[in-house]
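Here the structure is laid out as structure tokens; the discussion comes afterwards.
Both ligands and their constituent atoms are indexed starting at 1 by order of listing. Sequence positions, counted from 1, serve as the residue numbers for this chain.
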Amino acid sequence: MRVRRFGALIGAGIALSLALAACGSDTEKTEATTVLQKAQNEKKLTIGIKFDQPALGLKKPDGTFEGFDVDVAKYIAKEMGVPEDGITFKETTSANRESFIGGGQVDLVVATYSITEGRKEQVTFGGPYYVAHQDTMVNADNNDIKKTADLKGKRLCKAAGSNSFRRITDPPPDGQLDIDGVTLVDAQSYSECVSKLKSGALDAVSTDDLILAGFANQQPGSFKVINDPFTDEKYGVGMKKGDTETCEAVNKAITKMYSDGTAGQYLEKHFAGTGLKLVKTVPEMEGCA
Ligand code: GLU
């Protein structure tokens with residue numbers, strides 16, 4: 001009899017702890033476990049953008065932000081339930097995007113961030129929200145770099161953490177042309193690359209056509225883009241590896257941004273008059289798996 005009562009007591013104890021465990025996981029559910037849940041619960045997001053790339057992600061002297069990436073980030077945030085004043089823009093450079101995502105300093109990155117095989121191992125990418133193409137910019141008076149292959153033997157900028165130099169010097173998948181004999185000159189960012197180009201410390205900056213167009217437009221007459229595009233740079237929205245729920249919400253927002261005409265308006269707003277052929281149809285989504 002006593003044994004049976006003891007057994008019942010243990011049974012009740014197990015039932016109670018199971019109930020408590022279930023309770024615990026319910027409580028956790030109200031805390032954000034994905035970026036989408038955080039957006040919906042808190043109406044806030046921290047988004048990494050560039051601060052120094054005209055027409056894409058630029059911090060203005062008055063502390064506000066402008067550019068295609070900024071507008072895309074605002075649109076996606078809105079679709080996830082976050083108003084403009086709920087967004088904190090944080091500077092991400094080419095070099096810190098993966099660590100800022102992994103460490104939770106940012107929820108999303110919208111910063112000329114190409115989807116590459118190497119990065120896919122560390123980051124989940126929504127999108128692409130645009131497909132840029134790598135091109136090469138030289139000083140306006142340069143006459144010996146007319147096509148990408150002419151970079152052989154020249155001084156090329158290597159922006160820390162960026163993939164673009166690799167497209168010139170390495171083979172696929174993340175490189176492309178595998179050209180030998182290029183001298184890489186280090187810089188922290190594309191704005192530093194452009195200053196070094198202007199001062200004569202290097203011969204060329206090779207990166208996404210949108211980035212080059214932004215700088216060329218900012219300093220008219222200083223530079224020329226050789227117009228020899230040679231890659232597809234799929235601009236992804238970076239987030240923590242495995243956050244499929246958020247990735248799918250991002251893809252839905254991007255698709256809507258194109259179908260309602262907003263993406264086309266953003267492209268015109270930032271790149272009209274640059275000579276770039278703007279593609280206003282939705283890019284094929286990469287998939288969130
Ligand atoms: N889209 C290229 C990349 O992600 C170049 C621009 C950048 O580094 O932000 O590497």
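To the nearest 0.5 Å, atoms CD (Gln37) and CD (Glu42) are separated by 11.0 Å. Here CG of Leu56 is found 8.5 Å from NE2 of His270. Values are rounded to the nearest 0.5 Å.
Checked by atom type, the side-chain pair Lys50/Ser94 shows a donor-acceptor distance below 3.5 Å. For the 3.5 Å distance criterion, the side chains of Thr124 and Asp243 fail to qualify, holding no donor opposite an acceptor.
Within the listing of ligand 1, atoms 9 (O) sit less than 4.0 angstrom from a heavy atom of Ala111. Within the listing of ligand 1, atoms 7 (C), 8 (O), 9 (O) sit less than 4.0 angstrom from a heavy atom of Ser94. Set against the non-hydrogen atoms of Tyr190, the atoms of ligand 1 under 4.0 Å away are 6 (C), 7 (C), 8 (O). Close contacts between ligand 1 and Asn163 involve ligand atoms 3 (C), 10 (O) [criterion: under 4.0 Å to a heavy atom]. Near Arg97, the atoms of ligand 1 lying under 4.0 angstrom from a non-hydrogen atom of the residue are 3 (C), 4 (O), 7 (C), 8 (O), 9 (O), 10 (O).
Selection from Gln134, Glu233, Arg167, Arg119 by nearest heavy atom to atom 4 (O) of ligand 1 gives Arg119. The option from Ala160, Ser162, Gly238 that lies nearest to atom 5 (C) of ligand 1, judged by heavy atoms, is Ser162.
Residue-ligand proximity: Ser164 is placed with a non-hydrogen atom under 4.0 Å from ligand 1.
Residue Ser114 places at least one N or O, backbone or side chain, under 3.5 Å from an N or O of ligand 1. Distances between N or O atoms of Asp208 and those of ligand 1 include at least one value under 3.5 Å.
Partners of Tyr129 according to the side-chain hydrogen bond (donor to acceptor under 3.5 Å, both in side chains) rule, which considers only residues two or more places apart in sequence or in another chain, are Asp69.
The backbone and the side chain of Thr112 each have at least one atom closer than 4.0 Å to an atom of ligand 1 (non-hydrogen atoms only). Contacts of Ile211 with ligand 1, taken as heavy-atom pairs under 4.0 Å, involve the side chain alone.
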Donor-acceptor list for residues 172-184 side chains, cut-off 3.5 Å, not counting sequence neighbours:
{"residue": "Asp174", "atom": "OD1", "partner": "Glu117", "partner atom": "N", "Å": "3.0"}
{"residue": "Asp174", "atom": "OD2", "partner": "Gly118", "partner atom": "N", "Å": "2.8"}
{"residue": "Gln176", "atom": "NE2", "partner": "Phe230", "partner atom": "O", "Å": "2.8"}

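In summary, the aromatic rings of Phe51 and Phe89 are positioned with their centroids too far apart to meet the 6.0 Å limit.
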